[in-house]
Amino acid sequence: MDRIVLVGVFVGLVAIIGGCAAEQTTEEGEKLMYVETDSGPWLVHDINRPAPPVVAPGSASTEAPSDAIVLFDGTETYLSKWTAGNERPAKWVVRDGYMEAVKGSGPVKTKQQFGSCQLHVEFATPARVTGSGQGRGNSGVFLQGIYEVQVLDSYKNKTYPDGQCAALYGRAVPLVNACGKPDEWQSYDIIYHRPIFEGTKVVRKATFTVLHNGVLVHDHVELEGGTGWQGPHVISAYEPHGDKGPIMLQDHGNPVRYRNIWIRKLKD
Ligand code: MG
C-alpha cells in the first residue's frame, strides 16, 4: 500500500452498489480500478485474481462436462436416479440408451432436488405421427417440478404459440421454431434461475435462457408466473415454494423419448 496513497480521501472513488467498482488515484497520478468480487476487491487485470476452475468440456455438445451431475445417460437398464414420486419407482420404459414416456404412468422426477441450474436434455418426439396440436408428441421438462419448458412435435404442427415446442408453457413464445422432425434427437440447454419468495410474495421472478438444438429461443426471459394449465385461456400464478425441486419429465400420453440428461448447479 506504500505506493498507493489516496489523493484526499477517496478522490475519484466511484462506488456502484451491487456491481461495486471503485477507482483510486495514486500519488503519481496513476488511476487504479477495482471490482468487488466474491473473493474481495481485485484490481482490473490483476494476474493474482483467482482464476475460474478448469472444466474439461465434452468432445461434442451432447456430452456431459466433467463437473456435471449425470441424471440419465442410457447406460442403466432402469431409472435409478428417478422416481414416479413418493418414492415409487419410475415406470417409464428404458431401452437402447433412452427412456420413453408410458401413457398413464405419470411423470418421472429426479430423486435429487435442484434450484438454479444449467440443464441439458435430449428428446425425440414419436416417429409415428398421430394427433394434432397439443396432442402430438407432447411432454415437457419441468424445473423444480413446476415450471415447464414445453416438449411438443412442432414440426409442421400448428398450435397456440405459447404452447409450442420450447415455449415456457403459457408464458413465453420461443424466439424461433427450431424444432426438428419427428424421431430426430433434439436438445435443450436451459439456464434457469429460480424465483425467490418472501412470504406469499415473489421478490425475484424466475428467469430462463434456453437453446433449442443450439439455437437461442429464450434470452434471459423473466417468467411472469406459473406455467400450469388452468383452462383454455388461463394460466397459473406464482405460488410460493422452496429453494429446490426435482427435474420432472411429463407424461402427456405420447411416447416421447429422452436421453443424455445432465445438470450443473448454479448460484441462485
Ligand atoms: Mg407438455
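When a ligand or atom number is given, it counts from 1 through the structure's own listing order. Bear in mind the structure is a predicted one, so any value in this text is a computation, not a measurement.
Coordination check, S139 versus the Mg ion (ligand 1): passed, since an N/O/S atom of the residue sits under 2.8 Å. Residue contacts to the Mg ion (ligand 1): Y169 brings no N, O or S atom closer than 2.8 Å.
The N, O or S atom of E148 lying closest to the Mg ion (ligand 1) is OE2.
To the nearest 10 degrees, the angle centred on the Mg ion (ligand 1) between OE1 in Q250 and OE1 in Q150 reads 150°.
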As a quick check of understanding, evaluate ring pair (Phe, Tyr, Trp, His ring centres under 6.0 Å) for Y258 and F72, giving each step before the final call. CA-CA 9 Å; Y258 290 90; F72 178 76; 9.1 Å; no
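The closest donor-acceptor contact from the side chain of S154 to the backbone of N157 lies at 3.5 Å or more, if one exists at all.
Side-chain contact annotation: Y192 with T209, donor-acceptor N/O pair under 3.5 Å absent.
Using a 4.0 Å cut-off between a side-chain N of Lys or Arg and a carboxylate O of Asp or Glu, D268 and R194 qualify as a salt bridge.
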